[in-house]
Amino acid sequence: MAKTAFQLPKGTRDILPEEQPYWAHLNAVIREITDVYQYARLDVPVFEETALFQRGVGEATDIVEKEMYTFTDKGQNSITLRPEFTAGVIRSYIQNGMSSLPTPVKVWSTGPVFRYERPQSGRFRQFHQFNAEAIGDKDPVLDFEIMDMAFRLYQRLGFQKLSFQLNSIGCPECRPVYLGRLVDYYRGHTAQLCEDCKKRLDKNPLRLLDCKQDMCQPVIAGAPPIVQHLCDECNRHFKALCLYLDSLNRPYTLNHRLVRGLDYYTKTVFEVWAEGIGSQNAVCGGGRYDGLIELLGGQPTPSVGFAAGLERIVMMMQQQQIPVPGLPGPVIYFACQHQEAQKQALIYLSGLRDSGIAGLVGLGGRSFKAQFREANRRQARYVVTLGDTELGSSSVLIKHMETGDQETIQGDQLIRYITEHGR
RNA sequence: GUGGGUAUAGCUCAGCUUGGUUAGAGCGCCAGGUUGUGGCCCUGGAGGUCACGGGUUCGAGUCCCGUUACUCACCCCA
């Protein structure tokens, strides 16, 4: 029989104990932020019927065209692992009649999402997102709030070198008019375009603007900015959002090339870019999607939201050396001479654990020296030595590892001793 | 899907150019350095089909070919 060591699937990763403090801190900050902004947690399934994502994310997107984990289950249903949160959240909003809740409905989610891509630095096939949506109103105050929540998240984590990129891509009223002008402009420059852009011209002209090929840059530079072609409503909306951002001194960069990859966006789109975590620098993306809920079978309902990539945030935390609370070591470690001592240690430990005090017992066959070494490496605050001497007098010899002081006390005074001398 | 890079101990890597007896280091792990005690230091031990499969050669971790995996990047995104 061949010895095959199992390897984790491509694009997945283990989050090892040593990395967990970053995640614990990040999740604590997320909870704090969502609480402050009054967003309620909503958990949706990791998989949904395939058609939800096909329609909700958009047939023409890379996600739907080539990145979905889709399979047929035993009931012959086409199932897809969620490639993002929004479609599932909106499905839940409609299915659970949340339109009858006070408007707007503000919910957040977190968990793994899945995209079949070639992994690289900062990109995985299974990764985690923090997602928030404000559903039910078109007020630009909500656009601001969503961006502000992202801003505060990163600020609270202590990040430097972030930039907020902002654009408006209009609505079904004004975007077609703009796209007409954009296409007209591009028709005059087809000779200077890359192959992809020649296709985009017919298929998805908005994407012409975020092409990164060198040869296309001069053409993009001369293209008409969409923000100058917004309808009155979109223009007022965008101006109001900028006003709020300016008033609160939230830094942002207007980027008329930012168009985003998902089909459902209207008006506001934004991303947050980081430095120093590889070439995949988007740590957060979001915007408004006023047409999505109707598209998925609900009443016409405006909505705005964002998603942040947690792996990329953790990478930034490590790269920028953001301090995070570590895992606490045991308060007490019992170094035992023999099995009889171990038995007594288990009795003491049970009482300590009842009081919420963390402790460990040294395992058999090891010398006191070895047990002290382990206690030290595990950063135990106290070590109790249990041998014949202590067992004979119902006492314990307790040592404070930091100072090196040790004294003998009665066993039934352990909890009191620890309480008085600190954990 | 398309490119580049890398594969030797649990981890980080030497060794390859100039093939040659039992394949190394640091860290980590385990155990010791007499009488029941950590951190520093010293000693010892466990742990490797040198990614896999072919080829050249008297002889391959080392040279050649192929495969696979990992990784970075492109497209696109978190």
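Below, chain A is the first sequence line, B the second, and so on; all start at residue 1.
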So what does A:S367 hit on the nucleic acid, given a heavy-atom distance under 4.0 Å: a base, only sugar-phosphate, or nothing?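 Sugar-phosphate, backbone atoms only, no base.
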Counting the atoms with a prime plus P, OP1 and OP2 as sugar-phosphate, which does A:E390 contact under 4.0 Å by heavy atoms, base, sugar-phosphate, or nothing?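 Base contact.
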Would you tell me whether [X] and [Y] have side-chain atoms, one donor and one acceptor, within less than 3.5 Å of each other?
| X | Y | value |
| --- | --- | --- |
| A:T268 | A:D143 | yes |
| A:S163 | A:Q165 | yes |
| A:H400 | A:Q406 | no |
| A:D148 | A:Y244 | no |
| A:D388 | A:H338 | yes |
| A:R381 | A:Y333 | no |
| A:R416 | A:Q413 | yes |

Counterpart residues, ring pair (Phe, Tyr, Trp, His ring centres under 6.0 Å), relative to A:Y264 (two or more places apart):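 Per chain and number, A:Y264 pairs via ring pair (Phe, Tyr, Trp, His ring centres under 6.0 Å) with A:Y289.
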Going by ring pair (Phe, Tyr, Trp, His ring centres under 6.0 Å), name the residues that satisfy it together with A:Y178, two or more places apart in sequence or in a different chain.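 A:Y178: ring pair (Phe, Tyr, Trp, His ring centres under 6.0 Å) contacts with A:H229.
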Is atom CD of A:E65 surrounded by more than 12 heavy atoms (other residues, nucleotides or ligands) closer than 6.0 Å?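 Counting neighbours around CD of A:E65, more than 12 heavy atoms of other residues, nucleotides or ligands fall under 6.0 Å, so yes.
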Expected rows: protein N/O vs nucleotides 50-52 of chain B N/O, under 3.5 Å:
none

Nearest-Å distance for atom pair [atom1]/[atom2], residues [X] and [N]:
| X | N | atom1 | atom2 | answer |
| --- | --- | --- | --- | --- |
| A:I332 | B:G38 | CD1 | P | 18 Å |
| A:Q371 | B:A31 | CD | C1' | 14 Å |
| A:Q337 | B:U37 | CD | P | 10 Å |
| A:Y382 | B:G38 | OH | C1' | 16 Å |
| A:R373 | B:C41 | CZ | C1' | 12 Å |
| A:E374 | B:U37 | CD | C1' | 14 Å |
| A:F368 | B:G32 | CZ | P | 13 Å |
| A:K369 | B:G39 | NZ | C1' | 11 Å |

As a test of your reading of the structure, name each stem of RNA chain B as range with range, where a stem is three or more consecutive Watson-Crick or G-U pairs at under 3.5 Å.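 Counting only runs of 3 or more consecutive pairs, the stems involving RNA chain B are B:1-7 with B:68-74, B:10-13 with B:24-27, B:29-33 with B:41-45, B:51-55 with B:63-67.
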Which value, in whole Å, describes the distance between the [atom1] atoms of nucleotides [N] and [M]?
| N | M | atom1 | answer |
| --- | --- | --- | --- |
| B:C70 | B:U22 | P | 34 Å |
| B:U57 | B:G44 | P | 43 Å |
| B:U71 | B:G26 | P | 29 Å |
| B:U8 | B:G47 | C1' | 14 Å |
| B:G3 | B:U21 | P | 40 Å |
| B:C52 | B:U68 | C1' | 7 Å |
| B:G5 | B:C42 | P | 42 Å |
| B:G1 | B:C75 | C1' | 9 Å |

Look at the rings of A:Y382 and A:Y417 and say which category their plane angle falls in: under 30° parallel, 30 to 60° tilted, over 60° perpendicular.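 Taking A:Y417 first and then A:Y382, their aromatic rings stand perpendicular (interplane angle over 60°).
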Measure up the A:F130 and A:W108 rings against each other and bin them: parallel (under 30°), tilted (30 to 60°), perpendicular (over 60°).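 A:F130 vs A:W108 ring planes: perpendicular.
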Tell me whether A:F372 and B:U37 count as stacked here, given that the ring centres must be under 5.5 Å apart and the planes must differ by less than 30 degrees.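 Check passed, A:F372 stacks on base of B:U37.
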Each nucleotide in nucleotides 73-78 of chain B should get exactly one letter: B, S or -. Can you fill that in based on protein heavy atoms under 4.0 Å? BBBBBB
Check whether any side-chain heavy atom of A:S92 lies under 4.5 Å from a side-chain heavy atom of A:L42, and answer yes or no.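 Contact flag for A:S92/A:L42 side chains = yes.
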A:F53 six-ring centre to A:R82 NZ/CZ under 6.0 Å and within 45° of normal: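 No, a cation-pi geometry is absent between A:R82 and A:F53.
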Map A:N376 and A:R366 onto RNA chain B by nearest heavy atom, then report which one ends up closer to the 5' terminus.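 Looking at the nearest nucleotide for each, A:R366 comes out on the 5' side.
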Sorted by number, the residues of residues 391-411 of chain A with heavy-atom contact under 4.0 Å to RNA chain B: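 Per residue number, the list reads A:L397, A:K399, A:M401, A:G404, A:Q406.
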Qualifying residue for side chain to side chain contact (heavy atoms under 4.5 Å, CB included) with A:N204, from A:L208, A:L201, A:L206, A:D202: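 With A:N204 as partner, side chain to side chain contact (heavy atoms under 4.5 Å, CB included) holds for just one option, A:L206.
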